[in-house]
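Report on one structure; see the data block that follows.
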Amino acid sequence: MRVGMGYDAHRLVDGEYLILGGVKIPFEKKLLAHSDGDVLLHAIADSLLGAAGLGDIGIHFPDNDPAYGGISSLVLLERVQEKVAEAGLKVQNIDSTIVAQRPKLVSFLPQMRENIAQALGVDPDLINIKATTTEGMGFTGSGEGIAAYAVCLLVGKWH
């Protein structure tokens with residue numbers, strides 16, 4: 001068994017929608033990033049890569065590579081899953097938390113779980129997503145950005 005932890009945060013800027021967990025959420029801001037800025041999927045990808053001993057998403061998908069400009073983070077997560085599988089490992093479970101003052105995310109969490117499970121080729125019951133605020137404190141509480149944390153457990157043969 002291998003455990004991995006991931007974290008990501010991005011600044012909020014003016015926009016028409018936000019992408020989290022592969023879900024397009026109507027909102028007056030978006031996350032600023034080279035890719036689609038999906039902090040939840042980035043945190044999950046980093047947790048998976050970390051558990052597999054494969055570094056982080058910046059190593060595999062650098063933000064100065066035009067090939068990844070505007071790319072869907074669901075595509076990146078699928079590629080991470082391929083790397084994890086090549087290492088002889090598979091997802092046992094993922095637990096994650098999105099930290100955002102706004103928008104309210106509870107109604108979008110089931111679709112996020114489905115998207116992540118599909119990208120990883122696992123049962124949605126292995127994916128848990130929570131959303132919380134910081135009660136107005138810090139960069140997430142002031143609405144400057146959104147952050148996400150993820151922990152995963154991988155099982156299988158370790159190479």
Side-chain angles (χ1 to χ4, degrees), residues 2-52 56-58 60-63 68-84 90-154:
R2 303 285 298 187
V3 174
M5 186 270 188
Y7 169 81
D8 196 31
H10 285 283
R11 178 179 304 279
L12 283 166
V13 296
D14 290 339
E16 296 178 13
Y17 60 87
L18 179 66
I19 297 178
L20 287 170
V23 176
K24 192 174 183 179
I25 300 167
F27 192 53
E28 68 271 7
K29 296 193 179 261
K30 66 179 182 178
L31 290 165
L32 181 63
H34 183 65
S35 67
D36 63 9
D38 192 325
V39 294
L40 176 60
L41 298 187
H42 295 177
I44 289 171
D46 268 351
S47 73
L48 294 167
L49 291 166
D56 63 33
I57 59 173
H60 297 277
F61 315 108
D63 65 4
Y68 305 116
I71 194 168
S72 167
S73 295
L74 283 169
V75 171
L76 299 180
L77 189 59
E78 289 170 355
R79 292 182 186 172
V80 166
Q81 170 56 27
E82 291 169 4
K83 294 174 186 303
V84 168
K90 65 179 187 172
V91 173
Q92 183 64 44
N93 80 301
I94 294 172
D95 186 31
S96 58
T97 304
I98 304 166
V99 184
Q101 197 65 35
R102 295 182 47 240
K104 294 296 181 194
L105 299 171
V106 68
S107 65
F108 300 101
L109 299 180
Q111 185 60 55
M112 290 180 196
R113 281 181 68 205
E114 290 292 330
N115 291 349
I116 294 163
Q118 183 174 356
L120 297 176
V122 301
D123 190 294
D125 289 341
L126 300 180
I127 311 298
N128 189 56
I129 307 167
K130 303 172 296 291
T132 191
T133 71
T134 57
E135 309 218 1
M137 298 182 296
F139 75 92
T140 58
S142 69
E144 293 176 67
I146 293 178
Y149 297 87
V151 178
C152 75
L153 176 65
L154 301 180

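In this chain, residues are counted from 1 in sequence order. All values below were derived from every heavy atom in this structure, side-chain atoms included, with hydrogens, water molecules and symmetry-related copies excluded. Note that this is a predicted model, so its numbers are computed, not measured.
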Close side-chain approach of Arg102 to Phe27, heavy-atom, < 4.5 Å: yes
Minimum side-chain heavy-atom gap Leu41-Met112 below 4.5 Å: no
Tightest non-hydrogen contact, residues Gln81 and Leu120, listed as CD-O, 3.5 Å
Of all heavy-atom pairs linking Ala51 and Leu154, the shortest is CB-CD1, 3.5 Å
Quick one: closest heavy-atom pair of Val84 and Ala52, and the distance? CG2-CB, 4.4 Å
Between OG of Ser35 and CD1 of Ile71, what distance do you get to the nearest 0.5 Å? 8.0 Å
If you draw a 6.0 Å radius around CD in Glu144, do more than 12 non-hydrogen atoms from other residues or ligands fall strictly inside? yes
For Gly37 and Ala33, work out which heavy atoms get closest and say how close. CA-CB, 3.4 Å
For Ile19 and Lys30, what are the C-alpha separation, side-chain angles and deciding distance, and is it a side chain to side chain contact (heavy atoms under 4.5 Å, CB included)? CA-CA 7 Å; Ile19 297 178; Lys30 66 179 182 178; over 6 Å; no
Kindly state each residue pair satisfying ring-ring contact (aromatic ring centres under 6.0 Å, His included) with at least one member in residues 112-151, sequence neighbours excluded. Tyr7-Tyr149
What salt bridge (charged side-chain N to carboxylate O under 4.0 Å, His left out) pairs are there with at least one residue in residues 10-27, not counting sequence neighbours? Asp14-Lys29
Measure the spacing between CG of Leu40 and CZ of Phe108 and express it to the nearest 0.5 Å. 14.0 Å
Let me see the working for Ile146 and Leu18 under side chain to side chain contact (heavy atoms under 4.5 Å, CB included), right down to the final yes or no. CA-CA 10 Å; Ile146 293 178; Leu18 179 66; 3.8 Å; yes
Exercise: identify the closest heavy-atom pair between His10 and His42: NE2-ND1, 3.5 Å
What distance separates Asn93 CG from Asp125 CG, expressed to the nearest 0.5 Å? 11.5 Å
Keeping Gln101 on the side-chain end and Gly136 on the backbone end, is there a donor-acceptor pair under 3.5 Å? yes
Heavy-atom side-chain contact between Leu77 and Leu48 under 4.5 Å: yes
Does a side-chain heavy-atom distance below 4.5 Å link Thr133 with Lys104? yes
Side-chain touch His60/Arg79, heavy atoms, less than 4.5 angstrom: no
Atom pair CG/OG of Asn115 and Ser72 - distance to nearest 0.5 Å: 9.0 Å
Within the structure provided, determine whether Leu74 and Asp38 are in side-chain contact (heavy-atom separation under 4.5 Å). no
Euclidean distance, Asn128 CG relative to Ile116 CD1, rounded to 0.5 Å: 10.0 Å
When you compare the side chain of Leu12 with that of Leu31, does any pair of heavy atoms fall below 4.5 Å? yes
Ignoring hydrogens, what is the shortest heavy-atom contact between Pro124 and Glu114? Give both atom names and the distance. CG-OE2, 3.5 Å
Has the side chain of Asp56 got a donor or acceptor atom that lies under 3.5 Å from a matching backbone atom of Asp46? no
Do Thr134 side-chain atoms and Gly141 backbone N/O form a donor-acceptor pair below 3.5 Å? yes
Using side-chain heavy atoms (C-beta onward) and a distance below 4.5 Å, is Cys152 in contact with Ile94? yes
I would like to know whether Lys130 and Asp95 meet salt bridge (Lys or Arg N to Asp or Glu O under 4.0 Å); could you show each step before the answer? CA-CA 8 Å; Lys130 303 172 296 291; Asp95 186 31; 2.6 Å; yes
